[in-house]
Amino acid sequence: MSEQRPHPFTNFIVRAIIGCAMIFFVNEFLSAQGITAQVGLNPWTVLTSGLLGTPGVALLYGISFYGIM
């Protein structure tokens with residue numbers, strides 16, 4: 001039985017879509033809590049979340065929180 005791996009481009013697209021959804025919902029949550037550290041949805045954040053996945057989204061929020069310190 002050969003196990004087929006997904007194509008790298010497909011993997012990138014799935015991670016980018018999930019990353020954008022995570023950014024959207026975390027931004028909504030932070031806004032409801034009154035916290036001003038938000039990450040915008042732009043080509044750079046989509047590229048970061050597509051390449052790095054969930055750790056990339058965490059990195060973006062880490063940079064955002066560092067900026068408001």
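Note: hydrogens, waters and symmetry copies are ignored here, and every other heavy atom, side chains too, is used.
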Heavy-atom pair with the smallest gap, counting every atom of [X] and [Y]:
X	Y	result
Gly53	Arg15	CA-CD, 4.0 Å
Ser49	Cys20	OG-N, 4.3 Å
Ile23	Val39	CG2-O, 3.5 Å
Ala37	Leu30	O-CD1, 3.0 Å

Please determine whether residues [X] and [Y] belong to a single hydrophobic cluster, defined as Ile, Leu, Val, Met, Phe, Trp and Tyr linked transitively by side-chain heavy-atom distances below 4.5 Å.
X	Y	value
Phe9	Ile17	yes
Leu41	Leu59	no
Val46	Val14	no

Please report the interatomic distance [atom1]([X]) to [atom2]([Y]), rounded to the nearest 0.5 Å.
X	Y	atom1	atom2	result
Thr36	Ile68	OG1	CD1	4.5 Å
Thr45	Ile63	OG1	CD1	11.5 Å
Tyr61	Met22	OH	CE	8.5 Å
Ile13	Ile18	CD1	CD1	11.5 Å

Legend entry - Any Leu47 side-chain heavy atom under 4.5 Å of Phe12 side chain: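 In short, these two side chains touch, coming nearer than 4.5 Å.
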Inset, instruction - Please test Gln33 against Phe29 for side-chain contact (heavy atoms from CB on, under 4.5 Å), starting from the C-alpha separation and ending with a verdict. - result: CA-CA 6 Å; Gln33 300 298 319; Phe29 176 76; 3.7 Å; yes
Legend entry - Trp44 backbone acceptor or donor facing Thr48 side chain under 3.5 Å: yes
